[in-house]
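Everything numeric here is computed off the predicted structure, so don't read it as measured data. Chain identifiers are assigned alphabetically (A, B, ...) following the order of the sequence lines, protein sequences preceding nucleic acid strands; residue numbering begins at 1 within each chain.
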There are 2 protein chains.
Amino acid sequence: MADRVAASRPGGRSGRVLTAIYTSVGELVGEGADKISFPVIAERAGVNPTTLYRRWADVNALLEEVAVAALTRDGESVPDTGSLQEDLTRWAEIIARDIARPERTRYLRAMVSARVETVSGCPVTEKRGEQASEVVLRARGRGEPAPTVEQVLDHVIAPLYHHVAFALPVDDEYARRLVRDVLAMVR
Amino acid sequence: MADRVAASRPGGRSGRVLTAIYTSVGELVGEGADKISFPVIAERAGVNPTTLYRRWADVNALLEEVAVAALTRDGESVPDTGSLQEDLTRWAEIIARDIARPERTRYLRAMVSARVETVSGCPVTEKRGEQASEVVLRARGRGEPAPTVEQVLDHVIAPLYHHVAFALPVDDEYARRLVRDVLAMVR
DNA sequence: TGCTTAAAGCAAAGATCATTGCGTTTTGTT
DNA sequence: AACAAAACGCAATGATCTTTGCTTTAAGCA
């Protein structure tokens, strides 16, 4: 039921198999497949289903892992324009555009489903926290009044993800509104 | 795949069957059952599985229906203390305590999973919007400066649900903090 | 270059889910 | 009371899914 242990043999065949599985998941999610199961993922990856059953507790756990990997493999750096308002706005817009994509929505659902009561927090939220911290600290370094990291997470990130989770519209305008609101708190 | 049509025969046997199904779902969710499927629900309800397959698109759709019913059957009225700060705080605390319960968390996950791209919004959010509207309108009637309904939804409700969805801690203190933040916007 | 063993493959068996056609019950209406 | 349609039950069937024991491969290391 819980996640399996970390791989103690990351290279060679094991590595190739893992890559194939990740790729398979990515393709399936991208295509909007409605039935994503271990056997289906395994077939496309050219791998034996047993491997999946033995390594992950369930499909959502695997989906979450892939989602985190996709988000964590940096490519997106936080905006640094010299203005808190501008940094936050651009950052929020980037996130809004990103998570509004159908694949991301799918991953989001998987992450919510995969959460267990005993486990607190998730890598994605932590990642967003780090990014928020970066922006906030820079602003404070410039002497600008800035919200706390928690406030940014609660009032910009949370509403964005909430909208996606409940299929409510998410666009740049909405992202900008959230940033306006959170900045209004510190004035 | 989509939800079936509304029942055109609400009484008698059909009504009893529906009640039995709802009860069954409630019990299973309450017990924290990990495998909730149509056959399982049906057996406990003393009903034929076919009935479920024919009426609901999938398990999550049924779970969402039960969740909405549980929330909508009023019992909880919105606080009316004469002070916006007080009303919002108490209301947020009520919600926080409610959704922090394991059963509610389970329902929340189901609602997120049940959402489809083509469908926008959900009954629960609408319900919260009505409640927020009530509090906000009363405050304005008294001449108090008040946030918009959207602001309450984005900055109080969304963070609460977000925390629950990602297994982050949710308590009274957190609820109060959110209310403080949203009120700070309008000053 | 071997050795050890983690990790993957294979195959079989069982469990559960999901679908479908058809007959039966029963609701709501005339 | 009688009818038509809706809703449910039943049973058979096929499709997946899931688990398990055992074998084979090959990664990491001495």
*Asks:* Would A:Glu31 and A:Arg44 pass as an ion pair if we require N to O under 4.0 Å?
*Replies:* yes
*Asks:* Can you measure B:Lys35 atom NZ to D:dC17 atom C1' for me and round it to whole angstrom units?
*Replies:* 9 Å
*Asks:* Quick one: does any side-chain atom of B:Arg142 pair with a main-chain N or O of B:Gly82 as donor and acceptor, under 3.5 Å?
*Replies:*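 Indeed, once roles are kept as given, a pair shorter than 3.5 Å links the two residues.
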*Asks:* At under 4.0 Å between heavy atoms, how does the protein contact nucleotides 21-30 of chain C? Give one character per nucleotide, 5' to 3', with B, S or -.
*Replies:* BB--BBBS--
*Asks:* Grab the CG-P distance between B:Leu62 and C:dC17 for me, whole Å please.
*Replies:* 14 Å
*Asks:* Verify the distance criterion only: is there a donor paired with an acceptor across the side chains of B:His155 and A:His155 at less than 3.5 Å?
*Replies:*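 The answer is yes; a qualifying pair exists.
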*Asks:* Find the distance B:Asn48:CG to C:dT19:P and express it as a whole number of Å.
*Replies:* 14 Å
*Asks:* Hey, can you tell me if A:His163 and A:Tyr174 have their rings parallel, tilted or perpendicular (30° and 60° cut-offs)?
*Replies:* parallel
*Asks:* Find the distance A:Asp58:CG to D:dT18:C1' and express it as a whole number of Å.
*Replies:* 13 Å
*Asks:* Find the distance A:Arg55:CZ to C:dA8:C1' and express it as a whole number of Å.
*Replies:*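 It works out to 9 Å between those atoms.
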*Asks:* For A:Tyr53 and D:dT19, is the shortest distance between a side-chain N/O and OP1 or OP2 below 4.0 Å?
*Replies:*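 Indeed not, no polar side-chain atom of A:Tyr53 lies that close.
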*Asks:* Calculate the interatomic distance between B:Trp56 atom CH2 and D:dC8 atom C1'; express it in whole Å.
*Replies:*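 Atom-to-atom, B:Trp56 to D:dC8, this comes out as 12 Å.
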*Asks:* Between A:Thr23 (side chain only) and A:Thr19 (backbone N and O only), is there a donor and an acceptor less than 3.5 Å apart?
*Replies:*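 Yes, A:Thr23 side chain to A:Thr19 backbone: donor-acceptor pair under 3.5 Å.
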*Asks:* Using the six-membered ring wherever Trp is involved, compare the ring planes of A:Phe166 and B:Tyr161 and label them parallel, tilted or perpendicular (cut-offs 30° and 60°).
*Replies:*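 Answer is perpendicular, since the angle exceeds 60°.
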*Asks:* Of A:Val47 and B:Ile36, whose nearest nucleotide on DNA chain C comes first from the 5' end?
*Replies:* A:Val47
